[in-house]
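Accompanying notes for the structure given below.
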Amino acid sequence: MIRDYYNRNALDEKLRGAPRPPGANHLAIGHRQAVSMVLAVAGEEDSVEKLLSSATEFTGRFSAPGEWLVVSENDTPEGLQRRLDALCSDKAHIVDQSEARVLFRISGPSMRRILAKGIGLDLDPNVFATGASANALCGHIAVNLARTGEDAFELLTPRSFAESLFDNLMTMGREYDLTAAFAA
Amino acid sequence: MASLITCPHCGVRPKEEFAIRGDASLVRPAPTASDEAWHDYVYVRANPRGRTLEHWQHVGGCRRFLVVERDTFTHEVHSVTDGAAFARENGK
Amino acid sequence: MTAYRLTAGGLVDRSRALSFSFDGRPLRGFAGDTLASALIANDQLLAGRSFKYHRPRGIVSVGSSEPNALVTIGSGARSDPNTKATVAELYAGLTARSQNRWPSLGFDIGAVSDLLSPFIGAGFYYKTFMWPAQLWEKLYEPLIRRAGGLGRVVLERDPESYEKSWAHCDLLVVGGGPTGLTAALTAARAGLRVILADEDFRLGGSLLSETQAIDGAPAHVFADRVVAELQALPNVTLLPRTTVFGWYDDNVFGAVERVQKHVAEPLAKLPTERVWRVVARRALLATGAEERPLVFGGNDRPGVMMAGALRTYANRYGVAAGRSVAIFTNGSAGYQAARDLHAKGITIAAIVDGRVAAEDAAPEGTRVIRSASLIDTRGRRRVSGIVVERSGFEELVACDAVGMSGGWSPVIHLACQRGAKPVWSDTLSAFVAPDVGGGLRVAGSANGVYTLSGCLGDGAAKASAIASELGFKPTQDVMPETGEEADPSFTALWYAPGAKSKAFVDFQNDVHTKDLGLALREGFGHVEHAKRYTTSGMATDQGKLSNINAVGILAGMRGVSPADVGTTTFRPFYTPVSFGALAGTARDKHAAPTRKSPLHEWARKNGAAFVEAGPWYRSAWFPRAGEKTWRESVDREVLNVRANVGICDVSTLGKIELFGPDAAEFLNRIYCNALLKLPVGKARYGLMLREDGFVYDDGTVSRLAEEHFLVTTTTAMAGGVMSHMEYCSQVLWPELKVRFCSVSDQWAQIAIAGPKARSVLQQLIENDISDAGFPFLAAGTVTLKGGLKARLFRISFSGELAFELAVPAGFGIAVADQLMDVGRAVDICAYGVEALNVLRLEKGLPTHAEFDGRVTPDDAGLGRMVSPHKTDFVGKHLSSRYGLTAADRMQLVGLKPVDREKDIRAGAHLLREGMKPSTLNDQGWVSSACFSPVLGHHIAFAFLKSGRERYGERIVVWDKLRDQEAVAEVCDPVFVDPENARMKA
Ligand SMILES: [Zn+2]
């Protein structure tokens, strides 16, 4: 018996049904992406950071000293693992988190006001610039927050919290007619 | 109690992102140390009015244990340093 | 008709009439009115009854200091008690009800307590209701609560929605009057991120009732112009209808915005109220000053109001509280009110001035009585005259309203909320803000600057200084032209001498001068004692009007300066904030986040009943058609696992991966058992202690590679164990080269248990999982047919042949479906945590019901796990201390009811037969119990004194909670397969 198993997104239940057209403020759920945790070997933190920031195939997001979440839009989880192994397997431990994290891509003119309802970070672009990333709490839920543009952010959250975070974000975005759908 | 803590790794964060573990000045005794030393380490705590060192874990951020030096009376935070660096310098 | 709407003037929109009701009476006001101004326009000055004496009380003030006009707005679940009519913005359809009266506002039976007032002075409650104590709860308290008290709380579910938001700024300006507006504008033009908050629905503060011109135009035009400029700036956030209620450490402010309190039908997409947490680099208090009431005989009669309030009602709202107004003043503000009212065509009956001489100009033709005191008022539910005393002569002056002006108190509440005490200023005859450092500064009237030009200038100057300090370049603004200004002086008058009737200090709590005298005589002269003794300043208005007079009167009685009396302690909140607003969205299901297993939907479609376990929803059992009770389902699941095979979702267990050359050493130190030599490809049970020697958690440790481990934790302790490991690695042993990472969410984990587990699982897996190929406690990576990589562990929590299969979370449901499909031929079933619990009890495996923080490894029968050879591990030293190794400790045993029909429940205590239940006779307790379908009777785990020596003994299971007793036999806690033959099959 040989079979391909179906991979189910944690938000399949929440986003069932025909997608509605995205509004100005929109939440797109990444359907498939590869995410890895890179843990630098003691003493190799700086060199790992350099290697990660020099790469163009993925973005490294700061999680903790010597720890980054690497997100790739194009790689499979196995592909990203191979790519990171080739890059820094001698300097870091690489843990696949593709199934452990759900990617919330959120953008629109009211984004800062929406996120301020849950996140205590100052999201002024002079303080948290495009390209910046950090672990933070959104309400009671741990997220990794990254700014991908003036009005665009990405949140990575543990899969088991995804439905709760989704509900929270939709409540936070109610005032600004936030829409949601799986990313195209 | 401070409203904001400046994590050396993550920047200024609301106190809700942190969990306080307690006295950071304690040094774990050797396993062969006296019963008294172990009793003091596990059970006895000062309750100072003034400056104190505490472990605050940035659970909502980098998850590092930080050493927060703060004043229990004025609520002023004097310094926040990484717990591992602090441990290496003190008693290790 | 005495109070009325002026024919013209004011900032209300006379083209937009709004209908509303008060106590059922339909009334009309205009857009721009508050409920109070609309009530005045309708000659409804009487607004409530006082707390203690039930005296009729009218509107006194024009803002959030209002002590009297507390009403309930709205109806049913949407009613808001204790709302100040003076800040409630009028809207079409508003319904308001007066409070604290029965049967009606005009006729209140409780008013009889006013006649009894000689008997219910200060301290009355403390003295009268002390004995007998048992009557307090049954009689006195309900009685007092019915008689006193203000609005009624609604017991229905609150239908409003609330939210919270963070805000960050360079400068928070609190107050949108002349000071706040120029400060905000100066800072905004310099490029600072500015937030301007004001509790009013219209920004402008005193400018909205000011008759003085600014740059040749009415003051409110200037305010509108500034607001318009601010509104257009991207670095400015304007927050009208927002009260900054608290100042917290690190310059964080709490504010509540009444987003939709002023609309009849709130929009679903907006909250009713929003709590802001403002992180401000700098803050400027531009909160103005509060006019002081004067304490004179009969000063609580409806119609007696603040002079400034009369002025604001006339100038801003176009309403007059009376046709003939008497002014009682000790400063220039009373004259200004008189001039403005006079200009609106209102008669000034007289100005009674407590001072000997003054240069203030009275309106043309107005009688001024100097060196005089107001000693009483006349009228029933409305003032009809005042009694003025001068040089021993009394005179009755007819009037239908009284304006009182006792000077000014800067509003400095926020500046004093973090411990610093207000400072008395002899120059200002007022308490002013203490120096609280650069983060929070005070400007304008709040800073004792009372002229308009002074306020405009102070706001701009302070904002300029702040801008420079933060590295911004303030622009050189030209100050607006304000023209000539009146002298704002006053002479403090705490108590008008010669009162002929009660002279109230605190209107809301009915505290009058004699109460303060009594407090002093009885030894409660300290300001904090006097407050509690008399309840002065303890009402919902927190004494915004009254506190200063109470301090002045106490000072006078004690013969000291108000500086020596001091003030009571200031604390958040400045004005009351609803619980709903403070909770925000964190209510009902959103009170805390919920977590869902990757197999949640699989369980749901298989009919699972879910149980909340911390944040998780776990499948508890899977009822099938015809099963009437949960026990039937659980019994079937257990028997099926023992006879065939079942699968269970165990994804919620904590999973942590560790890497590094010191990972093995690290694990060896955090578990009490030996792990250094765990071979690659093997799993081992691990027991974790706390440093005090008691069991913390248990789980499995698998070595996936030489320097790569995976540990599991119990569901409940997953977060705690992770933190504990981080503490050990970062703080205790930073020299160990180990890195770890939670992988709990990466994997869907399925337990497959039962004699047919292998045959089912082998159909999905490429690798050989025979006992030879994958023996008991094997652990490693396997490949599912089709190529999916998974992890497999041969561990058992049921005593059966069992595996745990971990697949990447997204594939969990597909793999579980496939297992159910291929297992159908051998009657596979899904089982939940209830069956899991029965299976582990039958097999004698303790878990957190046993590890309750008081249990050592030896207590739980796991003493042999504690390695005697390791030099160190968490808990090593204290686990060997005397108390933890004593022979008479409570030890884990099994129990079987002697009468097999009897049941045993967890929580019951154990007694020797014939012994009375007592702490001394206590022999132990039952930690877990269930019905064992395999044995056909109840079984239990218990901790029994020296229990392992007592197998075979009979013991009484005493269950006081259910008033049951059963006799049980003490036995080994392993009820099924003690030889482990099934598990190792
Ligand atoms: Zn941090």
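Residue numbering restarts at 1 for every chain, and letters A, B, ... go by the order of the sequence lines. If you're wondering where the values come from, they're calculated on a predicted model, not measured in any experiment.
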Of all heavy-atom pairs between [X] and [Y], which one has the smallest distance, and what is that distance?
{"X": "C:Arg193", "Y": "A:Asp122", "answer": "NH2-OD2, 2.6 Å"}
{"X": "A:Met172", "Y": "A:Gly118", "answer": "CE-N, 3.6 Å"}
{"X": "C:Pro266", "Y": "C:Glu160", "answer": "CG-OE1, 4.4 Å"}

Heavy-atom proximity to chain C below 4.5 Å, by part of [X]:
{"X": "A:Ile119", "value": "backbone"}
{"X": "A:Gln97", "value": "both"}
{"X": "A:Arg112", "value": "side chain"}
{"X": "A:Leu165", "value": "neither"}
{"X": "A:Val35", "value": "neither"}
{"X": "A:Glu163", "value": "side chain"}
{"X": "A:Asp96", "value": "both"}

request  = May I ask you to list the residues in residues 650-659 of chain C that approach chain A closer than 4.5 angstrom, counting heavy atoms only, ordered by number?
outcome  =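 Within residues 650-659 of chain C, the residues under 4.5 Å from chain A are C:Glu657, C:Phe659.
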Does any donor atom in the side chain of [X] or [Y] lie under 3.5 Å from an acceptor atom in the other side chain?
{"X": "A:Tyr176", "Y": "A:Arg113", "answer": "yes"}
{"X": "A:Ser110", "Y": "A:Asn25", "answer": "yes"}
{"X": "A:Glu99", "Y": "C:Trp747", "answer": "no"}
{"X": "A:Asn135", "Y": "A:Ser63", "answer": "yes"}
{"X": "A:Glu44", "Y": "A:Ser47", "answer": "yes"}
{"X": "C:His590", "Y": "C:Thr585", "answer": "no"}

For chain C, the option from A:Asn7, A:Thr171, A:Ile141 that forms the most heavy-atom pairs under 4.5 Å =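 Option with the greatest count: A:Asn7.
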inquiry  = Quick check for you: among C:Pro661, C:Ala748, C:Ala268, C:Pro615, which has the greatest number of heavy-atom pairs under 4.5 Å with chain A?
reply    =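 The answer is C:Ala268.
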key: Largest heavy-atom contact set with chain A, pairs under 4.5 Å, which of C:Glu601, C:Lys589, C:Lys789, C:Lys737   =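 Greatest number of close heavy-atom pairs with chain A: C:Glu601.
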ask   = Between C:Ser702 and C:Leu704, is there a donor-acceptor pair closer than 3.5 Å when you use the side chain of the first and the backbone of the second?
value =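 Such a contact is absent between C:Ser702 side chain and C:Leu704 backbone.
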request  = Measure from the side-chain N and O atoms of A:Arg147 to the backbone N and O of A:Phe128, and report whether any donor-acceptor pair falls under 3.5 Å.
outcome  =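 Side chain of A:Arg147 to backbone of A:Phe128: a pair is present.
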Given that the side chain runs from C-beta out, which part of [X] has a heavy atom under 4.5 Å from chain A: side chain, backbone, both or neither?
{"X": "C:Ser742", "answer": "backbone"}
{"X": "C:Leu784", "answer": "side chain"}
{"X": "C:Trp616", "answer": "side chain"}
{"X": "C:Thr594", "answer": "both"}

key: Residue pair A:Arg61 / A:Trp68, side-chain heavy-atom distance below 4.5 Å   =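 When only atoms from C-beta onward are counted, A:Trp68 and A:Arg61 do not touch, as no gap falls below 4.5 Å.
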ask   = Relative to the ring of C:His600, is the ring of C:Phe610 parallel (under 30°), tilted (30 to 60°) or perpendicular (over 60°)?
value =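 Parallel.
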